[in-house]
Peer 1: 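Starting off with a structure, shown below.
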Number of protein chains: 2
Amino acid sequence: MKRSVTIKDVAQIAGVAHTTVSRVINKDSRITQATCDRVRRAMKKLDYQPNLIARGLVRNRTQVIALIGPEVANFFLPIIRSVAESSASRDYAMMLFSTNTWIKEAMSFEWVAQNWLVDGMLVYNLIHHPEVPPEIIKLKSRISPFVFINKFLREPEMNAVGVDNYHAVNLAVEHLVALDHRRIGIFYGDVTSVDGFERKDAFEKALRKAGVPVDPSLEFCGMWRDEDAFKETLRMLEGDARPTAIFCANDIMAIGAMRAIREKGLSVPRDISLVGFDDLETSRYIDVPLTTIRPPLADVGTRSVELLMDVLKDPTRPPQQIALHAELIVRASTAKPAG
Amino acid sequence: MKRSVTIKDVAQIAGVAHTTVSRVINKDSRITQATCDRVRRAMKKLDYQPNLIARGLVRNRTQVIALIGPEVANFFLPIIRSVAESSASRDYAMMLFSTNTWIKEAMSFEWVAQNWLVDGMLVYNLIHHPEVPPEIIKLKSRISPFVFINKFLREPEMNAVGVDNYHAVNLAVEHLVALDHRRIGIFYGDVTSVDGFERKDAFEKALRKAGVPVDPSLEFCGMWRDEDAFKETLRMLEGDARPTAIFCANDIMAIGAMRAIREKGLSVPRDISLVGFDDLETSRYIDVPLTTIRPPLADVGTRSVELLMDVLKDPTRPPQQIALHAELIVRASTAKPAG
DNA sequence: TTGACTTATGAGAACGCTCTCAATAGGATT
DNA sequence: AATCCTATTGAGAGCGTTCTCATAAGTCAA
């Protein structure tokens, strides 16, 4: 079953040296048409396929890149998709690793990099680091090139591609402020994650920029969860200092909030406006279609691959950070406040 | 940057032959504790990582499997996930190929198999073949092992794992019949795809089994699309011979139908009951939560990997087909017909 | 002390390819 | 006719492992 046909078998059939066959495979220009044809015919006859592993060994590259990320997360699929497509179009195969399994310790994409199976890596690591940890800086010089996704977008020494949370959240806040909302709440996510931290931070910055005071009593950490948002919304609606709008750092929490608002007999957007973040497919279909932020995930994938290819081509090139802009999708869940 | 530290560097530092280092790496039992320690220390000192490519060349396996599938499809993510997890837990890495890009021609997963980059493959190919095409049979003996996903579940000569569409659809039909529905329509998908063909076929078989006549005027090919289902539902509601229930071969079409029903001022399930297939996240959140079929996608991934591993261990073992059972999730979109 | 046997280690081939350098042939130049 | 070029091909080393086989050292019975 296994026993492969090698370059030497082809050479023998074609009556040339194995070197010549290799040249034909690699389209060396100084092979005569005649020998080329002969070799080609032999290859076809034997149904020869080059052994990519052997080639990888001598060339010291495999034409494989790794995508390392939290594949449990729904928002990761579009990125997987676009990375697969654009790496394939450049004749690279893609290996997929989950940060949940192989990559057990926080930083051990190092392992993936050091065993020479892949030429480069795209690393989507959710953990928020206020600045680039020294161990990562050290890694840079020692292992195959890597590009961070949705992280280190403002760190000049890293290669990174991602969605600009600050720009995105600002869109949401500006939208609400333009509708005359002044009491705007936020349900934010786990702040040990990049998105959790940045979206909350961005929210407060955007409020200040708009001249709206930040009110801590309207800020709640919903841990990205439907349930948490649901309960907190019920609680808020009991009190009398309720917000007129809530920005939710992901759509799931917005959906939870909406459920709670309806359960209280109130309505979206008449009583409370809601803005989400992610633009899940669901958000278009739910009862009150959700106004939300659509991150350009496909672009993130495409641009990451581009950047990685550039680095692969010229490993000495200075690091680059590419921050992509999200889009505000206005649907039915936002309106002017009732008062 | 690149220049790796090899087994020979380690050998030199440890003062042994490279062979010995190799033995330590592979946990050969007859190495003395002393030399083992010495080598281990040298490895740690040099920060040595085995070169998996070189190992792959001599061992003729790479510890990598390929998952080939329609990654544009949402329902593919859970499979990706579980395949990644379970292959990782067996020390296999996973390569992901899209049937849309690399694999342009119908059958050229052959390419992936023949270049020796992967030890085995999981192939998720949507095209419906009434029987196994001879070229696939031929492939079996020549390239690395493969397991089909959601295809060839009833072909004794193939290795296959998948969801049993016939069982699944029967659950839906039995549910509707038990509620006293007798005029049951179907929105089915593209019948050149496996699921498209089988679910329609299964639907008719299930009706007959339940003693309900098959009415072609209630059958419509919605091509899996929201829009098509929407329009057809409007059309059906104009006529007077409307169904009391519709089975939709995917949730998306059920959502489209629901939209149309509401637009006509009618209600689900009072006027028409709807059953979907897929159990999308969306289906739980929409206005009338959808009764649907939940395919055990995670299991499909896990079992595929298991089967592939078995084949890898013993390539001569007889082919096996594993048909998994879906589950009926009853929510609010089905009820007894009004009359 | 010797030979047989076991055990721990080393030397070197092999995996299938690419790449460097040498060799050959034919044509142009002197 | 001798020399030099150029264009094409061949021979062989090397990539970093594993694996086979040989070797050296140690153990034990005679």
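Order of the sequence lines sets the chain letters (A, B, ...), proteins ahead of strands, with each chain counted from 1.
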Peer 1: By nearest nucleotide on DNA chain C, pick out whichever of A:Ile7 and B:Ala17 is the more 5' one.
Peer 2: B:Ala17
Peer 1: Ignoring the backbone of B:Asn26, work out which of D:dG10, D:dT18, D:dC15 is nearest its side chain.
Peer 2: D:dT18
Peer 1: Using a 4.5 Å cut-off on heavy atoms from C-beta on, say whether the side chain of A:Val39 contacts that of A:Ile31.
Peer 2: no
Peer 1: Between A:Thr35 and D:dT8, does any side-chain N or O lie under 4.0 Å from OP1 or OP2?
Peer 2: no
Peer 1: Measure from CD1 on B:Ile31 to C1' on C:dT7 and round the result to the nearest Å.
Peer 2: 11 Å
Peer 1: Return the value, rounded to whole Å, for the distance between atom CZ of B:Arg55 and atom C1' of C:dC15.
Peer 2: 14 Å
Peer 1: For A:Gln12, look at atom CD and say whether over 12 heavy atoms of other residues, nucleotides or ligands are found less than 6.0 Å away.
Peer 2: no
Peer 1: Should the side chain of A:His18 and the base of C:dT18 be counted as holding a donor-acceptor pair, with the cut-off at 3.5 Å?
Peer 2: yes
Peer 1: Does A:Asn51 make a side-chain N or O approach to OP1 or OP2 of C:dC15 shorter than 4.0 Å?
Peer 2: no
Peer 1: Starting from C1' on D:dG16, measure out to CE on B:Met43 and report it in whole angstrom.
Peer 2: 15 Å
Peer 1: Do any side-chain nitrogens or oxygens of B:Arg23 fall under 4.0 Å of OP1 or OP2 in D:dC19?
Peer 2: no
Peer 1: Within this structure, what is the NZ-to-P distance between B:Lys8 and C:dG12, rounded to whole angstrom?
Peer 2: 11 Å
Peer 1: Which is more 5' along DNA chain D, the nucleotide nearest B:Arg30 or the one nearest B:Gln49? Just name the residue.
Peer 2: B:Gln49
Peer 1: CG of A:Asn60 versus C1' of C:dC17: gap in Å, rounded?
Peer 2: 13 Å
Peer 1: Contact class for B:Thr19 (heavy atom, under 4.0 Å): base, sugar-phosphate, or nothing?
Peer 2: base
Peer 1: Rounded to whole Å, please give me the gap between CG in A:Leu117 and C1' in D:dG16.
Peer 2: 13 Å
Peer 1: Closest approach to the side chain of B:Thr20, judged atom by atom: which nucleotide of C:dG10, C:dC17, D:dG16 is it?
Peer 2: C:dG10
Peer 1: Using a 4.5 Å cut-off on heavy atoms from C-beta on, say whether the side chain of B:Ile25 contacts that of B:Arg55.
Peer 2: yes
Peer 1: Can a side chain N or O of B:Ser4 be found less than 4.0 Å away from OP1 or OP2 on D:dG16?
Peer 2: yes
Peer 1: Does A:Lys45 come within less than 4.0 Å of A:Asp9, counting only side-chain N to carboxylate O?
Peer 2: no
Peer 1: Check for a donor-acceptor pair, side chain of B:Asp119 on one end and backbone N or O of B:Thr62 on the other, with a separation under 3.5 Å.
Peer 2: yes
Peer 1: Without decimals, in angstroms, what is the distance between B:Ile53 CD1 and D:dG14 C1'?
Peer 2: 17 Å
Peer 1: At less than 4.0 Å, is any side-chain N or O atom of B:Thr32 found next to OP1 or OP2 of C:dT7? Yes or no.
Peer 2: no
Peer 1: Name the nucleic acid region contacted by A:Ser22, choosing base, sugar-phosphate or nothing; use a 4.0 angstrom heavy-atom cut-off, strictly under.
Peer 2: base
Peer 1: C:dT20 P sits how many Å from A:Asp28 CG, rounded?
Peer 2: 11 Å
